[in-house]
Amino acid sequence: MAASRSDDRLPPLVWAALLTAAALMVAPLVWTLLLSLKSNAELVGNSGAALGGPYTLENYGAIFGNSSTMRWLLNSAIVSLGTTAGVLVLASLAGYGFARLDFPFRRSLFVLVLLGLAIPSQAVILPQHQLFATLGLHNSYPGLILPGLIGPFGVFFMTQYMRAIPKELDEAAMLDGASRFTIFWRVILPLTIPAQSTLAVFTFLGSWNDYWWPLISATRSDMYTLTVGLAASQMNYAQTSGLGFLMAQAVFASIPIFIVYIIFQKQIVRAMAGAALK
Amino acid sequence: MTSAERRWQGLLFVAPFLLLYLLILIYPLLRGLWLSLYQVDLFGGGTFVGLANYARLAADPVFGQSLINTFLVTLMIVPLLTVVALALALALNRATRSAAILRGVFFSSAVLSVTIVTLIWRFILAPDAGLLGELWTALGREPLPFLSAPNLVLPALAMTTIWWSVGFPMLLFLAGLQQIPQDMYEAAALDRASKWTTFWRVTLPSLRRTTILVVMLQTAAQLQIFGQSQLLTAGGPSGASRTAVLFLFETAFGRWELGYASAAAEILFLIILAVTLTQYMLTGRVRAGEDGR
Amino acid sequence: MMRLLLAVLAALALGSCAQADDKTHIYLQRFFGECGAEYGGKTDVSKAEGECGIVTALVNKFNAENPDVQVDVNVIAWPGYPQLTAQMAARDPPDLVAMHTGVMADYAAKGLLEPVGSYLSQAGISPGAFTPAGRDGVSIKGQAYGLPWDTHGGLYHVNTLLFRQAGLIRGGEPILPTSPEEFLAHARQFRERTGKPYLIQSLVGDPAGAARTLYTYMMAQGAPIFPAPNRLRVNTPEGRKVADFFRQLTAEGLGTSNMDTPAAIAAFMSGEGGIYPTGTWMIGQFQQESVTPGRPLHNAYAVYPYPRLWGEHVEYVGGHAWAVPTRERTAKQREAIARFFRFMAAHNYDWARTGHLPALAAVLASERFRALPQRANIAPLGSIGRALPGTVQRQSAVEGIVGEEMSAAITGQKSSARALADADRRVNEFLAELQ
């Protein structure tokens, strides 16, 4: 990445503060990892035991031994990928419309979309549930994916990004006789790849970690997502008798998403610029 | 193609999103508004009661307390989170390997789901079994009861939330920093401006839009804070950490009071809307002044 | 990308369709955890352990013994009511559901549960077969709304090693108080001799425990907690007496005040206090500790019902039951449900190995049940156990509010009178809205 002042070095005091902050940041995660590597029996009544060996992978083995876990993993992947793909398509189209085209009620409609940022999802979840019951969409992939597609942030984000692309590009293409859709598809969209990857990561993350909607919509265990399935398999009072297993599940559920971050790290930071345009 | 047709073309691009948006978000919102005028539960008929639910809310001290808690926790989180994220971005905006690693470190907690975050923090905050408790005891002090003292729970929720959500704003600030043209710094250097002056005169003004965006998104998000409060403290002790959305959730799912919960949701929606719109108008004014498009 | 995704979706949609067979399918929903990895194909119930293991093995065994019926199990997160409510709202509820008896009234009042009298008689189970607590738990306006399966309630889990140190052992048995004065005297003596709290209380994020204490000791004093189904009344001299007592105990440092449930469990298992009042569900784990050499609880564990402190010796209890949500069913499915009831009743002893008390009187009185560790001590719970009136709706929400206010009184965050008055006001306000 291009640093603005790569030549000057951090003063030692700043370094010390940074490292302290990083330690504070990491300590809980290391703690979780250690707990997940201990046998449940050893942690009973004494979570401090995690600071010393012996460590074991038995908790992870138990996760893989449960055939449902793989099914839930697959469901989570389908729902998250489906939601991500849907959001990219819808938000790009809408963002192009709002940012670069003029049409009646454009401003009012954009404000209507921004309104959505203020709607607490808990406020609409019950009417939403009733609606999906009427449509017969519960316990299905569309039922899990559709509510994820309406987040206004994607549209807001893509609109901001596309606004920054010089108008002259469209005008030149128009002179060549290209249709609006061709311009969108061939000219503008390729320029938004970094923003697409950012939005994809945001959406994927949010969808992967979503809890309430899948909890009340996917009520048959073969449709559970990983979050709901893991919650269902936690026994009552598991915090004392099955702490290691619980933490292993926590680590297991976070790994795929962490990998996504590692892979896209550079694109994310680069494309954040889209949301933070001057 | 006539120009009239062309004028409507833009609508085609926004239509797919808008249709879903209207069906899955706006329609339920309006239905919630309608429900808020009824005394109705999840399964039954319902009696039209006009604004009675709203009157009841106004007189409900539990709802009042939940609103106050929500504002307090938002005030504890947003300014601090913004400053911390900005400071991290400033320190880590360089091309070194260590900076890259540290960026990863500070983003890592953002990939966890709220169930996991609260599970982890319970094992840090609980005075008898938590990491902080152990440290405190090792220092020969009585551990602070973060989860059971009325004046400590909201700071505990704020701490947990800041730890959890510092990653995104940091990335936004990093991106903002990279947008600042290098020549602005060169000009400042020519003027022999000090580091502080450069920061106040160049960096900070350039990050204005980013800052507004961060504050706006975080405010809207934190006014809807829910999972931390439900999972970490169940709103306790004695309601000291019950947030507005937790109130909503308890009313709807615990007591099935659909009408009353809907009324509470509308109030919350109006509050968030007012805050967001105020902030949006501020950004709007900034934009109008800057690009004049 | 989209095409690939659609292909995957289609393949999965096909793959997830249930195989057509000529079996009668019954769709059962329960909490208790998922343990398919360990008990997936096991049918030997006697070798299963814990709530999850035993219930899984039982259903496997039922399926094996009834080749014409297939019970499909859906495991949900505890306690699962938001999901069940959601399923009912979507008009797609399960055929059988594990339910706490305290919430049955909510669903029954809306006609969402079938009365199960016909299933019970078809299964050859007479109402007299149940324990009083079991029968009361599922009865609403004279009708049974489920097969009672267990009684669970609060118990005093005792660290006998610390009790011995405190000089509170007689004839090998810990001495539990029989009056509030004695309770305080014991607690002070315990604190003095062991330096540890007498009572480990989980008052953080656990309203159920505080509510259990208030309900139990108000019932003991003969005070009606619900003078009418939609009216709570805890701010009474009786209620304040209970709240004031535990408040004083906590203020003197004789009971802990900053623990949540996991912390309290850990503290009890590490020998950090004398008594931990919690439920039947912890017996198995604590018993395991007491037979493990080297553990603080090794040979130092006993458990009893809540002691009588005022009035009559009774205790507030709840229970698990199998309920049948209302929906269209074939005659074959109804017959299969009756068969499932008969099977589960016949295996009530196996379930009682979890620590819960059996709901069938014959099992509670049986030699093999009483031979299980600690069970002879706690068996009285079956007869002294009292449920809230079956007509009281929203019991779990009420318990949440009462417990929250009672905790505030015990920890001294509010005066007893104010906390209990707040509980009355908050509960009555929303109960008055019920239709």
Side-chain angles (χ1 to χ4, degrees), chain A residues 1-6 10 14 18 22 25-26 28-29 31-32 47-48 90 93-94 96-98 101-103 106 109 113-120 122-124 126-128 131 146-147 149-150 155 180 205 209 211 227 231 246 250 253-254 257-258 261 265 268-269 272-273 275-276 278, chain B residues 7-11 13-14 16-18 20-21 24-25 28-29 31-32 91 93-95 102 104-109 111-113 115-116 119-120 123-124 129 131 171-172 174-180 182 185 206 209-210 213 220 224 226 245 248-249 252 258 265 268-269 272-273 276 280:
Chain A
M1 89 176 10
S4 48
R5 283 174 295 163
S6 48
L10 284 174
V14 175
L18 255 184
M25 206 63 206
V26 166
L29 298 174
W31 184 238
T32 308
S47 48
L90 292 176
L93 283 170
Y96 179 74
F98 281 125
L101 301 178
D102 198 23
F103 52 90
R106 185 175 67 98
L109 287 174
V113 172
L114 286 184
L115 270 184
L117 284 175
I119 301 177
Q122 292 289 333
V124 291
L126 289 169
Q128 260 176 5
L131 175 71
L146 282 173
L149 301 186
I150 52 165
V155 174
R180 278 291 176 199
L205 264 171
N209 283 334
Y211 180 58
T227 344
L246 214 57
S254 317
I257 214 109
F258 201 71
Y261 168 73
Q265 192 179 4
I268 296 173
V269 178
M272 278 295 172
K278 290 190 280 97
Chain B
R7 254 174 74 70
W8 286 94
Q9 242 181 1
L11 212 51
F13 281 90
V14 299
F17 174 80
L18 271 183
L20 275 183
Y21 182 76
I24 306 179
L25 197 67
L29 184 76
R31 187 169 156 77
N93 183 32
R94 51 204 78 228
L102 285 175
V105 163
F106 287 105
F107 186 77
S108 58
S109 61
V111 306
L112 305 174
S113 76
T115 7
I116 296 169
L119 183 66
I120 296 174
F123 279 91
I124 292 173
L131 204 57
L171 291 190
L172 280 171
L174 276 170
L177 283 173
Q178 292 178 16
Q179 294 296 307
I180 303 175
Q182 197 65 35
Y185 286 107
S206 312
R209 289 286 299 280
T210 313
L213 182 74
Q224 300 175 48
F226 166 61
V245 176
L248 224 160
F249 168 78
L258 195 50
L268 184 63
F269 166 61
I272 300 177
L273 186 64
T276 314
Y280 180 70

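Convention: sequence-line order gives letters A, B, ...; per-chain numbering from 1.
Between chain B and the options A:Leu126, A:Ile119, A:Val113, the largest number of non-hydrogen pairs under 4.5 Å is found for A:Ile119. Among B:Leu25, B:Thr276, B:Val245, the residue with the largest count of heavy-atom pairs under 4.5 Å with chain A is B:Leu25.
In this structure, the portions of B:Ala91 lying under 4.5 Å from any heavy atom of chain A include both its backbone and its side chain. Both the backbone and the side chain of B:Leu20 come within contact range of chain A, judged by heavy atoms closer than 4.5 Å. For chain B, the nearby parts of A:Phe98 are the backbone and the side chain; heavy atoms of each come within less than 4.5 Å. If you measure heavy-atom distances from B:Leu248 to chain A, the contacts under 4.5 Å come from the side chain alone. The part of A:Leu101 that comes within reach of chain B is its side chain, from C-beta onward, which places non-hydrogen atoms under 4.5 angstrom from that chain. Using a 4.5 Å cut-off between heavy atoms, A:Leu146 touches chain B through backbone and side chain atoms alike.
Atom CD1 in B:Ile24 sits 7.0 Å away from atom CG in A:Leu149 (nearest 0.5 Å). Taking CG of A:Leu29 as the start and CD1 of B:Ile120 as the end, the distance is 5.5 Å to the nearest 0.5 Å. Going from atom CG of B:Leu112 over to atom CG of A:Leu205 covers 10.0 Å, rounded to the nearest 0.5 Å. One distance of note links CD1 of B:Ile272 with CG of A:Leu115; it measures 12.0 Å at 0.5 Å rounding. Summarising the geometry, atom OG belonging to B:Ser108 is positioned 5.0 Å from atom CE belonging to A:Met25; distances are rounded to the nearest 0.5 Å.
Pairing each heavy atom of A:Ala94 with each of B:Val14, the nearest pair is O-CG1, 3.5 Å. Of all non-hydrogen atoms in A:Leu90 and B:Phe17, the two that sit nearest each other are CD2-N, 3.8 Å.
Put simply, the side chain of B:Phe269 does not reach to within 4.5 Å of the side chain of A:Val124, judged on heavy atoms.
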